[in-house]
Amino acid sequence: MKVLLIGSGGREHALAWKLRQSPRLTALYAAPGNPGIAEEATLVDIDTADNAAVLDFCRTETIDFVVVGPEAPLVAGLADTLRDAGIAVFGPSAAAAQLEGSKGFTKDICAKYNIPTGAYQRFTSAEPAKAYIREQGAPIVIKADGLAAGKGVTVAMTLDEALDAVDSCFSGAFGAAGAEVVVEAYLDGEEASFFCLCDGKTALALASAQDHKRVGDGDTGPNTGGMGAYSPAPVMTPDMVERTMREIIEPTISGMADSGHPFTGVLFAGLMITAKGPELIEYNVRFGDPECQVLMMRLKSDLLPLLHAAATGTLATVSAEWRDEAALTVVMASKGYPAAYEKNTPIAAIPQADAGTKVFHAGTALKDGQLVATGGRVLNVTAMGGSVSAAKDKAYAALDKVEWDNGFCRRDIGWQAVEREKV
Ligand code: AMP
Ligand code: GLY
C-alpha cells in the first residue's frame, strides 16, 4: 500500500515510525514532515492547507491511503476532498470534525444522546453569559467555541476571572473562535485521555494516556500543547474503560451516524473521572500529541491495517494488541515556550534509539546540515518500562544525553502514576 501521511509534529513522527514497520507498506510519503519523519518517509513539498494540491499529488503518485495527523486539515475538509475522489483516508469529514472544531456542537450532541458531561449553555454575547455565570457561581469553565490552539479555555476559580474570560473571548482574544462562548460546569476529578478508532458505525478501543498540560513542574504555569505523557493511565481501570465505551463513545458514534455525519478516524476523548464516573470534557478528532508517541510505543499490532479498517468501514474485522509495559514521553521545548522563544538554535546530539527508547522529532529542521530547533515543542524523548517509574527513569536517562543548550523540559512527567506505584 502506498501511503501519504499529513503533518510535521512528534505525533506524525511516531505514526511514520510505526507505519514504516508494516509489511503491507510499499511506500511512505509525508507532507510536510520533519527531519525525524524523513528517516521513515519520503518528504513531499506540498501545501497541506491546499486540498486540491494534496489530491493532485495523490493522483500523480497513485497513493492508496492518506493518514491525516493534525486537526486543521480535517476541519478544512481534506478528508472530504480525498474521499470524494475515491481515495481512502484516515480522518473524519469536516462535518464530523466539528466534534473538535466546535465545543458547542459537541455539547449539543452530549445533551441529545445523554452523554455525561458538565451542564452548559452557549452564548453569542457577553451580558447573557455573565448573567448565567453569576447565577451558577464559581468555579466555572469558560470556553471559546472554536479551535484556539488549546488556549481558549479558562478554568475560573473566581467569579471575576470568569467574567474577565467572557470579555476576553468576545473582545477577540481568540479571533473567530471566540465569537461564541460555552459556559460549562466545573468537573472535579482526575483527567485521562482515551483513544478509539471509529469507522462510522463501530468503535475499537485503543488505549488510555495521561497528559501534562502545564509548562512547569508540579503542574504550574501556563497551559501548553502537552509537556509529556504516559500510557496506560492507571485511573482507566477495565471497568472505567467499559463505562467510557458504553456511556460516552458508543452513543457518540451512533448519534453522529444518526445525525448524518458518521465519524471515521480516531476519536480522542478528554475525560474527567469524577465521583460519578467518566464525564466528557472534550473531543479531539485526531491522535493526541504527545499521547500518540506513547501509544505507538505500546502498540504491538501492525498500525496500517487498523487505520485502513477505520477508513474503509471494516473495523469489526480487526483487533489491536498492546504491550503490557508502560510508555512515557518527555517533551523538550525551546526556552520561553509557550510564550516567545528563539528559533534555529542548534541541537548538537540526540541519543540513538535502542530497544526501549526512541526520540521523536517535533519542531526540528535541518539548516546547512545542522539540526536546529524551529518550534516550541521540539523533541519527545520516549521510553518503555515495566512500570511508569521504570519508563520515566529510562526516558530521563536518554534525555540527559540530548545536547541542546536552548532546550528545557519538565522533570516530573508521570508523577501521578509514580506516586501510585509507590503505594
Ligand atoms: P479543553 O481544551 O477543553 O481540553 O480544556 C483544557 C483543560 O481545561 C482540560 O484539560 C481541563 O484540565 C480543563 N477543563 C476543561 N473543561 C473543564 C471542566 N468542565 N471542568 C474542569 N476542568 C476543565
Ligand atoms: N496533548 C493534548 C492534545 O494533543 O490535544
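All ligand and atom numbering here is 1-based and tracks the order in the structure.
- For the side chain to side chain donor-acceptor pair (under 3.5 Å) with Asp219, the lone residue among Gln416, Arg410, His212 that qualifies is Arg410.
- Atom CH2 of residue Trp415 and atom NZ of residue Lys392 lie 11.0 Å apart, to the nearest 0.5 angstrom.
- Note on residues 180-189: pairs passing salt bridge (Lys or Arg N to Asp or Glu O under 4.0 Å), not counting sequence neighbours, are Lys107-Glu184, Arg122-Glu180, Lys143-Glu184.
- Against a heavy-atom cut-off of under 4.0 Å, Met272 is close to the following atoms of ligand 1: 21 (C), 22 (N).
- Counting heavy atoms only, Glu184 comes closest to atom 19 (N) of ligand 1 of the residues Glu191, Arg214, Lys213, Glu184.
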Dump the pairs for me: ligand 2 N or O, protein N or O, distance under 3.5 Å, to 0.1 Å.
from, atom 1, to, atom 2, distance (Å)
ligand 2, 1 (N), Asp211, OD2, 2.9
ligand 2, 1 (N), Gly225, O, 2.9
ligand 2, 1 (N), Asp289, O, 3.0
ligand 2, 1 (N), Glu291, OE1, 2.9
ligand 2, 1 (N), Glu291, OE2, 3.3
ligand 2, 4 (O), Arg286, NH1, 2.9
ligand 2, 4 (O), Asp289, N, 2.9
ligand 2, 5 (O), Arg286, NH1, 3.3
ligand 2, 5 (O), Arg286, NH2, 2.9

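- Ring orientation note: the planes of Phe105 and His261 are tilted relative to one another, at an angle of 30° to 60°.
- With sequence neighbours left out, Thr252 forms a side-chain hydrogen bond (donor to acceptor under 3.5 Å, both in side chains) with Tyr283.
- Here the shortest heavy-atom distance to atom 5 (O) of ligand 1, taken over Asp211, Leu147, Asn284, Val153, belongs to Val153.
- Near Lys103, with a cut-off below 4.0 Å to any heavy atom, the atoms of ligand 1 are 2 (O), 3 (O).
- The ring of Tyr29 has its center closer than 6.0 angstrom to the ring center of Phe57.
- Near Val155, meaning under 4.0 Å from one of its heavy atoms, ligand 1 places the atoms 8 (O), 13 (C), 14 (N), 22 (N), 23 (C).
- Checked against a 3.5 angstrom limit, the closest N/O atoms of Tyr186 and ligand 1 fall outside it.
- Environment of CG in Asp354: crowded, with over 12 heavy atoms of neighbouring residues, nucleotides or ligands closer than 6.0 Å.
- Distances below 4.0 Å separate heavy atoms of Lys143 from the following atoms of ligand 1: 3 (O), 15 (C), 16 (N).
- With salt bridges taken as basic N to acidic carboxylate O contacts below 4.0 Å, one links Asp167 and Lys130.
- More than 12 non-hydrogen atoms from other residues, nucleotides or ligands lie less than 6.0 angstrom from NZ of Lys335.
- Close N/O approach between Ala185 and ligand 1 is found [any backbone or side-chain N/O within under 3.5 Å].
- Of the N or O atoms in Leu187, one or more lie within a sub-3.5 Å distance of an N or O in ligand 1.
- The shortest N or O to N or O distance between Glu282 and ligand 1 is below 3.5 Å.
- The salt bridge (charged side-chain N to carboxylate O under 4.0 Å, His left out) check on Asp400 picks up Arg411, with sequence neighbours excluded.
- In terms of heavy-atom proximity, Leu197 sits nearest to Phe287 at CD2-CZ, 4.5 Å.
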